[in-house]
Protein chains: 2
Amino acid sequence: MASHGARGRSGGRPTLEEVAARAGVGRGTVSRVINGSPRVSDATRAAVEAAVAELGYVPNTAARALAANRTDAIALVVPEPETRFFAEPYFSDMLRGVGAALSDTEMQLLLIFAGSDRERQRLAQYLAAHRVDGVLLVSVHADDPLPDMLSQLEIPAVISGPRSAAETLTSVDSDNYGGARQAVEHLVGRGRRTIAHITGRLDVYGAQRRIDGYRDALRDAGHEADDLLIEPGDFSEEGGRRAMAALLERRPDLDAVFAASDVTAAGARQALREAGRRIPDDVALVGYDDSAIARHMDPPLTSVRQPIQEMGRAMIDLLLAEVADRRPPASRGLERRQMVLATELVGRASS
Amino acid sequence: MASHGARGRSGGRPTLEEVAARAGVGRGTVSRVINGSPRVSDATRAAVEAAVAELGYVPNTAARALAANRTDAIALVVPEPETRFFAEPYFSDMLRGVGAALSDTEMQLLLIFAGSDRERQRLAQYLAAHRVDGVLLVSVHADDPLPDMLSQLEIPAVISGPRSAAETLTSVDSDNYGGARQAVEHLVGRGRRTIAHITGRLDVYGAQRRIDGYRDALRDAGHEADDLLIEPGDFSEEGGRRAMAALLERRPDLDAVFAASDVTAAGARQALREAGRRIPDDVALVGYDDSAIARHMDPPLTSVRQPIQEMGRAMIDLLLAEVADRRPPASRGLERRQMVLATELVGRASS
DNA sequence: AGGTACCGTGGGAGCGCTCCCACAGGTGAT
DNA sequence: ATCACCTGTGGGAGCGCTCCCACGGTACCT
């Protein structure tokens with residue numbers, strides 16, 4: 001029978017066929033039991049399960065993937081350099097949420113960085129080979145071609161932080177606009193008059209929405225909006241430091257700052273210190289994300305909490321639904337799903 | 001021909017067979033070209049490559065895995081909770097080194113956390129299914145059953161930081177003993193007399209070796225070793241803070257501290273500050289790892305550099321060799337490979 | 001001329017699954 | 001008794017590759 005000869009049969013892992021023989025049933029029946037089909041009698045199921053246990057049978061993933069044309073894996077694609085991934089708690093929180101949501105599943109999670117051109121090249125190859133059933137995309141910039149590539153390949157994908165209001169992919173996001181409003185309203189409520197804003201990367205839609213929220217909240221509070229109070233940052237600590245320094249130079253009379261992320265706020269704090277401003281006595285500071293940084297800052301940072309882990313969960317739910325749905329290859333786009341989760345202001349000593 | 005009917009042929013991705021037809025050659029020949037076999041004439045190779053390009057052929061991983069009985073994937077297993085992974089630069093540096101070494105390869109890297117029992121359960125299942133060709137194991141504790149499980153399953157594995165001097169798995173490590181000596185000799189050279197040591201987790205072999213190096217260097221310098229100067233830590237910041245506080249209480253006369261990691265040193269620094277000790281005027285501080293933390297600390301931290309990224313590279317090299325070797329299932333253990341890389345002291349303002 | 005050696009090549013068999021068709025046996029309506 | 005229709009089951013065919021054997025051709029010996 002054996003033709004490949006030296007490929008080490010005998011000692012190898014048991015196959016479906018062997019389990020079937022052991023249980024005295026057919027191959028198909030074992031497959032049904034393994035995959036939890038309801039169309040199996042209780043007695044047969046028990047017999048098969050016993051055989052599986054005795055033989056220590058574990059399904060061969062490659063064979064399953066080949067036959068069923070699915071991989072049981074999804075990728076979390078981070079279009080940023082690894083350093084950024086480790087520096088910003090946003091990503092690790094997201095990873096945790098996603099991981100938790102997936103732990104009830106057979107799905108495997110792959111973490112893929114696509115910061116450099118080289119890495120993107122690899123990723124394109126990877127996706128073309130359909131090595132994952134679906135993709136989670138976090139932190140995408142406005143002009144990123146990745147989402148379109150995914151659409152073209154017809155790979156289910158969910159994006160966290162849509163690229164624009166007209167995002168075509170299924171997306172999950174927190175209410176950036178509302179969160180920014182909460183921050184500003186909080187500062188106004190504390191009697192602050194001159195409230196500056198250090199933005200995030202301007203090519204990120206969420207950062208734009210935060211600017212909108214900041215502007216509208218100021219206007220509604222009857223404060224005159226002054227673009228000299230807005231300074232672009234890039235979500236990094238160094239960017240926050242630089243922006244804060246610029247703002248202090250331009251508007252030394254400011255008495256509050258709303259930073260687009262906690263990391264940015266950390267940089268701003270540093271610049272404020274160097275300029276001799278006390279927090280919150282001279283300048284109140286509010287961040288965004290409510291990450292570990294906010295809790296450990298000195299003084300502890302008031303911050304807008306986005307439910308990042310919940311967002312991760314939601315992304316998984318939506319993605320798995322799309323993967324399971326996978327029937328109508330054309331009926332997409334009709335009911336685009338955009339999910340927005342509420343934010344919450346967490347007050348601390350910095351404001 | 002088609003029997004599965006609705007499984008969407010036609011529009012699908014091209015197969016080897018189709019490429020072969022297009023190039024006017026046999027299936028085997030295309031396979032040889034794809035896999036870079038030298039036994040193909042230049043003309044044939046060119047024809048096949050053209051066909052591959054025209055059709056946009058991408059090999060089906062699942063089919064390959066099934067036929068060749070390999071997965072082209074390896075796992076980086078972190079037997080720690082995710083939080084630890086993100087908090088300690090050691091892991092991210094290692095990941096970077098491993099990733100870089102792998103980027104020249106077709107191999108895919110999977111990052112797997114096995115901190116909780118639940119996760120370990122999953123991992124066991126995962127390994128039993130042979131879903132990776134090899135495993136990289138970082139930060140393993142003395143009594144961890146994981147390495148033995150790997151041996152039993154005959155899965156090639158490389159461990160960073162052997163469990164003991166008698167480690168049976170192939171291992172890569174830095175010279176913990178020598179590194180500790182360097183740190184102590186440096187402090188002695190600076191005229192410090194009473195040098196304390198905050199250890200790492202005592203169930204980690206490398207931490208033990210650092211204690212040995214510390215002890216021997218002190219002895220060789222003619223300083224009396226005093227176990228009251230040794231306080232156990234756990235590589236964490238909080239552990240460092242606690243240990244430092246205990247040491248200050250016990251030996252208020254100490255004038256130098258060698259901490260088993262930079263993160264630990266950061267904790268120690270905090271405790272020293274709180275106790276009103278100046279660094280380095282009152283107490284000199286030396287860390288271990290030379291991570292980003294060391295450079296950014298105030299004052300910048302003298303630290304023992306382990307070439308972590310190089311270690312990652314080395315681990316990959318050794319692992320890939322084992323995976324490729326895969327012939328003698330019994331001849332293991334004869335020439336156990338233990339690789340040790342040199343450390344280097346990086347002097348900064350803290351000492 | 002015949003023999004031996006070694007290319008480069010084609011294609012059969014098989015990897016371990018899933019999918020689906022066929023079929024036996026039971027049930028209830030006609 | 002006949003038909004229709006369920007449910008549970010067995011097993012063929014096929015997923016797209018790799019491995020290997022066999023074969024024709026050329027090159028170099030005797």
Side-chain angles (χ1 to χ4, degrees), chain A residues 1-10 12-48 52 55 57-72 106 129-131 326, chain B residues 1-10 12-48 52 55 57-72 106 129-131 326:
Chain A
M1 277 283 130
S3 89
H4 280 248
R7 242 205 243 161
R9 289 287 61 241
S10 74
R13 300 155 49 204
T15 70
L16 249 203
E17 195 90 47
E18 288 164 28
V19 174
R22 175 82 170 216
V25 300
R27 199 172 7 83
T29 302
V30 177
S31 177
R32 255 163 255 142
V33 171
I34 299 290
N35 293 290
S37 158
R39 324 199 131 293
V40 180
S41 72
D42 289 346
T44 309
R45 163 168 289 115
V48 170
V52 166
L55 263 40
Y57 170 76
V58 181
N60 180 316
T61 333
R64 176 178 290 180
L66 178 59
N69 195 33
R70 60 189 165 80
T71 63
D72 290 327
E106 290 292 81
H130 283 265
R131 293 182 63 169
R326 209 112 197 62
Chain B
M1 278 284 131
S3 88
H4 281 248
R7 243 207 243 162
R9 290 286 61 241
S10 76
R13 300 156 49 205
T15 69
L16 248 205
E17 195 91 45
E18 288 163 29
V19 174
R22 175 81 169 219
V25 301
R27 194 168 16 79
T29 301
V30 177
S31 177
R32 255 162 255 143
V33 172
I34 300 290
N35 293 290
S37 158
R39 327 199 128 293
V40 181
S41 72
D42 289 347
T44 309
R45 163 167 289 115
V48 171
V52 165
L55 263 40
Y57 170 76
V58 181
N60 180 317
T61 332
R64 175 178 289 178
L66 179 59
N69 196 32
R70 59 190 165 81
T71 63
D72 290 324
E106 290 291 81
H130 283 264
R131 293 183 61 170
R326 210 116 195 60

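Proteins come first, then strands; the chains are lettered A, B, ... in the order of their sequence lines, and each starts at number 1.
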* All salt bridge (Lys or Arg N to Asp or Glu O under 4.0 Å) counterparts of A:Arg22, not counting sequence neighbours -> A:Glu54
* **Gap between atoms CG and P, on B:Asn35 and D:dG16 respectively (whole Å)** => 17 Å
* Asked: Can you find a heavy atom in the side chain of A:Arg45 that is under 4.5 Å from one in the side chain of A:Val48?
  -> no
* Once you round it to whole Å, what is the distance between P of C:dG11 and CD of B:Glu17? -> 9 Å
* Asked: Where the side chain of B:Arg39 is concerned, which of C:dG8, D:dT18, D:dG8 is the nearest nucleotide?
  -> C:dG8
Interface polar pairs with nucleotides 24-26 of chain C, N/O, under 3.5 angstrom:
none

* To do: Give the rounded distance in Å between these two atoms: CG of B:Asp42 and C1' of C:dT9.
  => 15 Å
* Can you tell me how far C1' of C:dC19 sits from CZ of A:Arg64, to the nearest Å? -> 14 Å
* Asked: To the nearest angstrom, how far is B:Leu66 atom CG from C:dA13 atom P?
  -> 18 Å
* Atom pair distance, as rounded to whole Å: CG in B:Asn60 and C1' in D:dG16 -> 6 Å
Quiz: residues 24-31 of chain B side-chain donor-acceptor pairs under 3.5 angstrom, not counting sequence neighbours:
| from | atom 1 | to | atom 2 | distance (Å) |
| --- | --- | --- | --- | --- |
| B:Arg27 | NE | B:Glu17 | OE1 | 3.4 |
| B:Ser31 | OG | B:Asn35 | ND2 | 3.4 |

Identify every side-chain donor-acceptor pair in residues 59-68 of chain A under 3.5 Å, counting partners at least two apart or on other chains, and give the distances.
| from | atom 1 | to | atom 2 | distance (Å) |
| --- | --- | --- | --- | --- |
| A:Asn60 | OD1 | A:Ala62 | N | 2.8 |
| A:Asn60 | OD1 | A:Ala63 | N | 3.0 |

* Asked: Between A:Asn69 (CG) and D:dC15 (C1'), how many Å, whole number?
  -> 8 Å
* **End axis versus end axis in the helix from C:dA1-D:dT30 to C:dT30-D:dA1, the angle rounded to 10°, five pairs used at each terminus** => 50°
* To do: Return the value, rounded to whole Å, for the distance between atom CZ of B:Arg13 and atom C1' of D:dC15.
  => 12 Å
* Residues of residues 19-34 of chain A with any non-hydrogen atom less than 4.0 angstrom from an atom of DNA chain C: list those, numerically ordered, please. => A:Arg27, A:Ser31, A:Arg32
* Side chain of B:Ala68 - closest among D:dT18, C:dG16, C:dT9 -> D:dT18
* **Partners passing side-chain hydrogen bond (donor to acceptor under 3.5 Å, both in side chains) against B:Ser41 (at least two apart in sequence or in another chain)** => B:Thr44
